[in-house]
*Asks:* 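This is the structure I want to talk about, given as C-alpha cells.
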Amino acid sequence: MTGQQHETTEETGSTAQQGSVLLDEVTKVYDPDGEHVVAVDDVDLRIDAGEFITVLGPSGCGKSTLMNCIAGFLEPTSGHVYVDGDRVEGPSERRGVVFQANRLLPWKTIEENVNLGPKMRGELVEGRASELLAEMGIEGTEDQYPTELSGGMQQRAEIARLLANDPDIMLMDEPFSALDALTKEIMQEMLLEIWEKDNRTVVFITHDVSEAIFLADRVVVMSAAPGEVKADIEVDIPRPRNLDVTTTDRFKELEREVLELIHSEAREAMGGA
Amino acid sequence: MSISDSVGEKWLGVSQQLPSLPALPRPVYKGASILLFLGAWWLFVAIEFLGFRLIPTPVETIRALVESIQGAPLTSGGQSLYTHSYYTIMRVGLGIGLGICTAIPLGLLIGWSNVFDRYLLPAFEVLRPIPPVAWVPIALIGFTSELMSIVWVVFVGVFFPILINTIDGVKDIETDYVRAIYSLGGSRIDLFRHVIVPSAISSMVTGTVIGIGIGWIAVVAAEMISGNYGVGYATYQAYRVMDTQTVVIGIIILGAYGALSSAFVSLLGRRLTPWERLES
C-alpha cells in the first residue's frame with residue numbers, strides 16, 4: 001500500500017500528495033550558559049508524503065528537538081527543513097502536533113478545543129467536532145472540560161482537534177507514553193486505523209521499541225549526545241496491522257535487531273565515558 | 001507508590017488505633033470559636049483590663065449596632081450609618097473599579113509584549129513600594145477635591161497587586177499552549193484571546209482579592225486623615241470624643257464590608273473559571 005504511494009510521489013515528482021519532509025543537514029545546538037550542547041547533529045532525513053515514520057531513541061537524544069524543528073517551533077542552528085519543497089520558517093496548520101503532556105486548553109470544553117483550529121482560520125463547520133469525536137470513540141464529551149476526561153480520552157480529543165484542521169503532516173511527540181499499557185495498545189491500533197484511512201504523513205516520536213515497530217513504515221533510530229541518526233530500518237510487516245503482528249517471528253526479529261542496535265550504542269556510550 | 005503515600009498510610013493506621021474525640025459538624029466548631037472570642041472580649045471589659053473599662057461589652061455593642069442599622073445617627077447629632085457608608089462605598093468602589101480597569105489591561109500588555117514590559121514596568125516598580133496611605137498629603141494637594149484624593153489613595157492600593165498578579169499570570173503560560181495555538185493556524189491575537197487571557201484569569205482574581213483588601217485599608221486611613229463623612233471618618237471622630245460604642249460599630253461595619261467584597265470577588269472568580277473546580 002505505502003509502496004505504491006512512494007512510487008506515485010516519486011514518479012510525478014510533486015504534488016500528487018502533500019506532506020513530504022526533507023531534513024537537510026539539520027543541526028541544533030543549545031547554548032544556555034556558554035555550554036555547547038549539541039541536541040541534533042547533522043541529520044539528513046527524507047520522509048515521503050503519506051509515510052508513517054517513528055523516531056526511536058533514549059531520552060535526551062534530541063528526538064523531540066528534531067520534531068520541534070519540523071513543526072517550526074525551533075529553528076535549526078544550521079541546515080534546513082523543507083516540507084513539500086518549501087523551507088519551514090515557523091509553525092503552520094499544515095503540520096499538526098500532538099503533544100507529550102496533553103495540551104488541550106483546560107479552559108475550553110472538548111468541543112471548543114476540537115473546533116479551535118477551524119475557528120481561528122475562519123473555516124468552522126458546524127457539527128464537524130461531534131463527528132470527529134464519534135470517530136474517535138468519545139461521542140458525548142462535547143460539553144465536558146478536559147480535566148473531566150481520562151488520559152486516554154484526552155489524547156483522543158487532542159487527536160480529534162488535530163484532525164479537525166485536516167493537516168498534511170501529523171507530528172506526535174510520545175503521545176501515548178503517559179497512558180497505561182492497555183489504553184496505549186488501543187490508541188496505537190486506533191491511530192493506525194485513522195492513518196490508513198487518509199494516509200497523512202506521520203512523524204511519531206517514541207522510546208518504546210515495539211510501539212515504534214508496530215506503527216511504522218520506517219523506524220529511525222537515534223543515538224544520544226550528540227543526537228544522530230544511527231539507523232533507518234524498513235518495517236516490512238504487511239498492513240493493515242493489528243496487535244496480532246506483535247507476536248509474529250518477523251516482528252520479534254525486528255525488535256531484536258533494534259534492541260541490539262540500541263544496546264550496543266548504550267554500551268559504547270558508557271565505555272566511552 | 002511514593003514514600004509520602006506509604007508514610008501517610010502508616011500514620012492513618014496508627015491514628016485509627018488512637019482514641020479520638022467524636023467529630024462534630026463544622027458549624028459547631030465555628031460557633032464555639034466565635035463564642036470563645038466574644039467571651040474573651042467580655043472578660044477583658046469585665047475585669048477592666050488596662051483601658052478596657054471604656055469599651056462596651058459585646059451585648060451593649062450588639063444593641064447599639066441594631067440601633068444603627070435601624071437608622072439612628074452614628075454619633076449624637078451626626079449622620080446615620082447609611083450616609084457614612086454611602087461615602088465610603090462610593091470612594092472605595094471608584095478606587096477599586098479604576099484599579100481593575102487599568103491594572104488588568106496594563107498587566108496583560110506588559111506580560112504579553114516586551115515593549116510595554118521595558119517602558120512601563122520600571123516606572124511602576126519605582127512607585128510600587130510606596131505605602132498607599134503615604135500618598136494622602138500629596139493627593140490632597142494634587143487633586144484638590146476630597147473625593148478624588150481618597151479615590152486616588154484607594155486606587156494606588158488596588159492597582160499594584162492586580163498589576164503584578166496579572167503580569168505573573170501571563171508570564172506563567174505553558175510553552176506548549178503557545179505552540180498548540182500556532183500549529184493550529186492561530187495568530188498572535190488568537191494566542192492572546194484563547195490562551196493568555198483565560199489562563200491569567202485566576203491570577204487576576206487573586207490580585208483583585210488582595211487589592212480590595214488593601215483598598216479598604218487605604219480608604220479607612222484616608223478618611224481618618226482627611227474625610228468628611230465616611231465610616232472611617234465617623235470611627236475616628238467617635239474616638240476623639242471617646243464614643244467607644246461607635247468606634248466598635250465602625251470596626252464591625254468595616255470588617256463586614258471587607259469580608260463581603262472579597263467574598264463577592266471570589267465568587268465572581270469561580271464563575272469566570274468553571275474549569276478549575278473540576279480538577280481533583
Side-chain angles (χ1 to χ4, degrees), chain A residues 64 67-74 88-110 112-124 143-150 157-158 160-173 175, chain B residues 1-2 5 104 107-108 111-114 165-208 265-280:
Chain A
S64 290
M67 195 205 81
N68 286 332
C69 288
I70 301 174
F73 298 147
L74 295 175
V88 168
E89 274 160 351
S92 153
E93 70 269 19
R94 306 318 312 148
R95 282 164 273 132
V97 178
V98 175
F99 296 88
Q100 182 171 6
N102 187 273
R103 283 306 178 224
L104 293 166
L105 302 180
W107 42 86
K108 291 188 183 286
T109 62
I110 297 299
E112 288 167 342
N113 265 289
V114 174
N115 279 334
L116 189 58
K119 188 181 167 195
M120 291 191 299
R121 294 181 299 115
E123 292 171 14
L124 187 60
D143 297 330
Q144 288 183 283
Y145 285 101
T147 44
E148 293 179 274
L149 305 189
S150 70
E158 195 174 334
R161 178 174 78 176
L162 181 148
L163 293 175
N165 239 9
D166 194 22
D168 298 321
I169 302 172
M170 294 171 68
L171 303 170
M172 309 181 81
D173 188 4
Chain B
M1 188 192 290
S2 72
D5 277 347
I104 286 181
L108 287 170
W112 182 50
S113 143
N114 284 332
N165 275 280
T166 305
I167 294 172
D168 285 351
V170 174
K171 295 211 161 162
D172 265 357
I173 280 160
E174 299 263 359
T175 320
D176 278 352
Y177 290 145
V178 180
R179 292 177 165 181
I181 291 291
Y182 286 140
S183 70
L184 287 169
S187 62
R188 223 168 121 74
I189 301 295
D190 287 318
L191 179 70
F192 190 75
R193 201 177 131 200
H194 297 295
V195 173
I196 291 178
V197 174
S199 76
I201 287 177
S202 54
S203 308
M204 294 177 206
V205 172
T206 307
T208 306
V265 174
S266 299
L267 184 76
L268 190 72
R270 280 200 294 279
R271 279 284 165 83
L272 287 171
T273 57
W275 60 90
E276 293 206 336
R277 268 173 296 162
L278 305 165
E279 275 166 51
S280 50

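First the proteins, then the strands, lettered A, B, ... as listed; each starts at 1.
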*Asks:* Donor-acceptor pairs under 3.5 Å, side chain of residues 170-182 of chain B to any protein atom, not counting sequence neighbours: which ones?
*Replies:*
residue: B/K171; atom: NZ; partner: B/D117; partner atom: OD2; Å: 3.1
residue: B/E174; atom: OE1; partner: A/R103; partner atom: NH2; Å: 3.1

*Asks:* Taking salt bridge (charged side-chain N to carboxylate O under 4.0 Å, His left out) as the test, write out the residues that go with B/D168, two or more places apart.
*Replies:* none
*Asks:* Identify which part of A/R121 has an atom lying under 4.5 Å from any heavy atom of chain B, answering side chain, backbone, both or neither.
*Replies:* side chain
*Asks:* Non-hydrogen atoms of chain B under 4.5 Å away: do they reach the side chain of A/L74, the backbone, both or neither?
*Replies:* side chain
*Asks:* Donor-acceptor pair, distance only, cut-off 3.5 Å: does the side chain of A/W107 make one with the backbone of B/P274?
*Replies:* no
*Asks:* When rounded to the nearest 0.5 angstrom, what is the spacing between NZ in A/K108 and CH2 in B/W275?
*Replies:* 9.0 Å
*Asks:* Side chain from CB out, backbone as N, CA, C, O: work out which of these in A/R161 comes under 4.5 Å of a heavy atom of chain B, or both, or neither.
*Replies:* both
*Asks:* Count the heavy-atom pairs under 4.5 Å between each of B/G186, B/S183, B/S199, B/S187 and chain A, then report the option with the highest count.
*Replies:* B/S183
*Asks:* Hey, could you give me the CG/NE2 distance between A/L105 and B/H194, rounded to the nearest 0.5 Å?
*Replies:* 9.0 Å
*Asks:* Quick one: what part of A/L171 sits under 4.5 Å from any heavy atom of chain B, side chain, backbone, both or neither?
*Replies:* neither
